[in-house]
Amino acid sequence: MKRGEILDEAKLLVTQVREQEHGDPDIVYDAVAAVWSAYLNIPIDRTMVFVMLMMMKFCRDPRNKDNWVDIAGYAALAGEANDAERKG
């Protein structure tokens, strides 16, 4: 898989497919952050959720293209979340 194909697939997933399947990522990943924060008893924000999900994907089989696509998608979501959190 070429780099452009990875990015194209990740873009399709994070801007259309996954949102249709799972709902607004702001709502979903804020909920994940809240649950993880409560469970771990430390503050977790949405950006941290995406970073931790990328780390999980780093631990999986690097020969599986889906892991690279997901990492690219999580990176895009993390960048967007970080920008929103900085702007308040």
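- Contact of the M52 side chain with the W36 side chain is registered, since non-hydrogen atoms from C-beta on lie closer than 4.5 Å.
- Of the residues L53, V49, I27, the one that meets the side chain to side chain contact (heavy atoms under 4.5 Å, CB included) test with V32 is V49.
- Taking OG1 from T15 and CG from L77, the interatomic distance works out to 9.5 Å, rounded to the nearest 0.5 Å.
- M1 is listed as a side-chain neighbour of V69, based on a closest heavy-atom distance under 4.5 Å.
- In this structure, CZ on R60 lies 13.0 Å from CH2 on W68, to the nearest 0.5 angstrom.
- Although no hydrogens or angles enter the test, the distance criterion places no donor-acceptor pair under 3.5 Å between the side chain of Q20 and the main chain of V17.
- Between F50 and Y74, the closest heavy-atom pair is CB-O, 3.7 Å.
- Separating the CD1 atom in I71 from the CZ atom in F58 is a distance of 4.5 Å, to the nearest 0.5 Å.
- Residues L12 and L7 do not share a hydrophobic cluster, defined by chaining ILVMFWY side chains whose heavy atoms lie under 4.5 Å apart.
- When the side chains of ILVMFWY residues are joined at heavy-atom separations under 4.5 Å, either directly or via intervening members, M54 and I6 end up in a single hydrophobic cluster.
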Result block: side-chain N/O donor-acceptor pairs under 3.5 angstrom for residues 39-46, not counting sequence neighbours:
residue: D45; atom: OD1; partner: T47; partner atom: N; Å: 3.2
residue: D45; atom: OD1; partner: M48; partner atom: N; Å: 2.8
residue: R46; atom: NE; partner: D30; partner atom: OD1; Å: 2.8
residue: R46; atom: NH1; partner: D26; partner atom: OD1; Å: 2.8

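- The pair K65-E5 fails the salt-bridge criterion, with no side-chain N (NZ, NE, NH1 or NH2) lying under 4.0 Å from an Asp/Glu carboxylate O.
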* salt bridge (Lys or Arg N to Asp or Glu O under 4.0 Å) between R86 and D83, intermediate numbers included -> CA-CA 5 Å; R86 282 186 312 117; D83 188 53; 2.9 Å; yes

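- Residues P25 and R18 fail the side-chain proximity criterion, which asks for heavy atoms closer than 4.5 Å.
- Taken from CG in D70 to CE in M56, the straight-line distance is 7.5 Å, to the nearest 0.5 Å.
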